[in-house]
Amino acid sequence: MSARAKKARVYDLWHLSKPPADPGAKPCGHRRNGKPLYPAKLHDKGDQWQVRYYPHGAAGKEEKERFATKTEAERRKSAVEHEMNEGTYVSLDAGNVSFEILADEWLKGRGADSVEVYRRHLRVHAYPVIGRKTLAALASRPSTVGKWASGIEASANYKRDIMQTVTAVFAAAVDDGLIKRNPMKSRQVSKPKREKKKIVPWTADRVGTVVAALDHLTPRYACTGVVGATSGQRQGEIFGFSPDDVLWDAGRIKVMRQIKEVRGGGANRLIFALPKTKETREFPAPAALLRGLKAHMEIWPPVAVTLPWGSLDGEPVTVRLFFTTPDGMPLDASVFNRLVWKPSLAQAGVIPAPVSRRYAAAPDDGMHALRHHYVSALLSAGESLVTAAEFIGDTLRTTAETYAHLMEGDGSRGVAALDRSLGGSVDALRLAVVC
């Protein structure tokens, strides 16, 4: 025998279901089926129609929803009956948690490599606008989410990244049964097309100008620019670079770690971790880099720094570092960018002078620009994308997608090479031309 179908009922909250016993009671002026209606306690207070149902059977809690019109109430009645009997019903209370609370819980399950990026997306761009709104409110009004998304002030690519993070949070809410639909997938939320922007590497002259500005403003950190431009290391890898990673006699360097910023105890903290791709690497070093490092160490000897490895509760590891603060602390990327890198960019004329002590955004001119210059120098010298990927510690696919356009040509070099390699053989042939 099949289970009894679950039903919902529609009630008129403004009017009594039958005339009152009091003969002196007066009708409200409304009529139904030609008969006068009598006002209830909620007459003219809030929405008139209410849908009531027991999603978990008569022994469970009764749910109640109000609507302005009978048509809306009847539509909800049909929908909720279908949901209850198909097993897809989501409790009205389930989505009463705020977006920020759920997102913070979602962050706890993210990997150490990506959690800070996601946290920044949420804290800077999502929480100020939709953080305190409930999941239920956002899911029932996708237009609210669409308005938030359209107001994000960022490049098209970064805006897409932010929206993907928020989409993932709502997807978790759907999976947990807190809401039925992901509002980010509504037609009212439009994502910008990802821009395929080709990088324009810094020239050697620009690198030299920026390094000179570093040397002029903060000579202690001038060699960070040399390391970036001559080894292609990421900023965190430069900050975690040690004299023990240099094979001085062999003219090679190893990239063994990075310094990462993670969230803990309500503040940002630093840890040691493997490079971004989880793999160490070793490759030849230019003689200029080795000379620069030796000169740097003569003025600023390496400092031993102890940080947890891999996570805030990881095993403490001590490493001698080339670059630290004057008081021997590890470098923090956000502080370094604000107090060292951007002033040097302004000094070099890469970005405008600050206005009210605030520097302009420089999304294409961070320390990563030194890495781009390094790869462009390798490719210009005839090294392959495979070699470049190996040296910078990235996948061949990513390296090709990012830098292949630097190898573009009109084919003349290839044609000339074929002429040189096969021209003599062709000329030696005795070909009869038949007209």
Side-chain angles (χ1 to χ4, degrees), residues 113-114 117 154-161 164 192-211 224-241 245 251-258 274-289 292 333 337 341 345 348 350-351 361-417:
D113 287 338
S114 54
V117 174
S155 67
N157 290 351
Y158 191 53
K159 186 173 181 177
R160 281 182 63 90
D161 292 341
Q164 285 174 355
K193 292 184 178 179
R194 187 170 293 280
E195 297 174 345
K196 294 183 178 180
K197 187 176 181 180
K198 293 183 178 181
I199 64 162
V200 179
W202 281 4
T203 63
D205 286 343
R206 169 158 286 189
V207 172
T209 302
V210 172
V211 171
T224 62
V226 175
V227 173
T230 58
S231 70
Q233 295 187 57
R234 302 175 178 90
Q235 186 180 50
E237 295 169 348
I238 296 173
F239 293 171
F241 195 28
D245 302 332
R252 299 175 68 84
I253 62 173
K254 296 183 289 185
V255 180
M256 307 298 292
R257 73 197 68 78
Q258 64 171 315
L274 284 171
K276 184 177 180 180
T277 54
K278 306 293 187 184
E279 294 182 351
T280 60
R281 60 190 188 275
E282 179 185 325
F283 51 95
L289 170 58
N337 291 340
W341 186 251
L345 291 181
V350 178
I351 61 174
D364 298 325
D365 297 302
M367 286 194 79
H368 223 66
L370 301 173
R371 180 176 171 89
H372 296 329
H373 170 79
Y374 173 75
V375 176
S376 69
L378 290 179
L379 298 179
S380 296
E383 296 290 356
S384 68
L385 283 169
V386 174
T387 298
E390 179 183 343
F391 286 9
I392 66 174
D394 225 332
T395 64
L396 178 57
R397 177 178 179 179
T398 299
T399 304
E401 290 176 346
T402 307
Y403 301 109
H405 68 281
L406 301 180
M407 304 177 72
E408 292 175 355
D410 60 5
S412 59
R413 287 184 298 176
V415 172

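Checked against side chain to side chain contact (heavy atoms under 4.5 Å, CB included), Ala388 has the following partners two or more places apart in sequence or in another chain: Val375, Leu378, Leu379, Thr399. Judged as a side chain to side chain contact (heavy atoms under 4.5 Å, CB included), and not counting sequence neighbours, the contacts of Pro286 are Thr230, Leu289.
Atoms OG1 and CE, from Thr280 and Met256 in turn, are 4.5 Å apart once rounded to the nearest 0.5 Å. Here the straight-line distance linking atom OG1 of Thr402 with atom NZ of Lys198 works out to 12.5 Å at 0.5 Å rounding. We find the CG-CD distance between Leu370 and Gln235 to be 9.5 Å, quoted to the nearest 0.5 Å. The line from CG of Leu406 to OH of Tyr403 is 8.0 Å long, rounded to the nearest 0.5 Å. Rounding to the nearest 0.5 angstrom, the gap separating the NE2 atom in His368 from the CD1 atom in Ile199 is 8.5 Å. Atom CZ in Phe241 sits 6.0 Å away from atom OG in Ser231 (nearest 0.5 Å).
Considering all non-hydrogen atoms of both residues, Ala362 and Ile351 come closest at CB-CG2, 3.9 Å. Taking both residues in full, the closest heavy atoms of Gly393 and Arg234 are given as O-NH2, 3.0 Å, listed atom of the first, atom of the second, then distance.
Screening residues 366-378 for salt bridge (charged side-chain N to carboxylate O under 4.0 Å, His left out) gives Arg371-Asp394 as the qualifying pairs, with residues at least two apart or on separate chains.
Side chains of Met367 and Trp341 form a contact here, defined as non-hydrogen atoms less than 4.5 Å apart. Counting heavy atoms from C-beta outward, Val226 and Val211 have side chains that approach closer than 4.5 Å. Arg206 places a side-chain heavy atom less than 4.5 Å from the side chain of Val350. Residues Leu274 and Glu279 fail the side-chain proximity criterion, which asks for heavy atoms closer than 4.5 Å. Considering only heavy atoms from C-beta on, Val227 stays 4.5 Å or farther from Thr224 through its side chain.
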- Step by step, would you call Asp365 with Trp202 a side chain to side chain donor-acceptor pair (under 3.5 Å)? CA-CA 9 Å; Asp365 297 302; Trp202 281 4; 2.9 Å; yes
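Taking the six-membered ring where the residue is Trp, Tyr374 and Phe283 present tilted rings, their angle falling between 30° and 60°.
Under 4.0 Å is where a charged nitrogen must lie from a carboxylate oxygen, and between Arg281 and Glu237 at least one such pair does. Using a cut-off of 4.0 Å between Lys/Arg side-chain N and Asp/Glu carboxylate O, Glu282 and Arg252 are scored as salt-bridged.
With hydrogens and angles ignored, the 3.5 Å screen pairs a side-chain donor or acceptor of Ser380 with a backbone N or O of Ser376.
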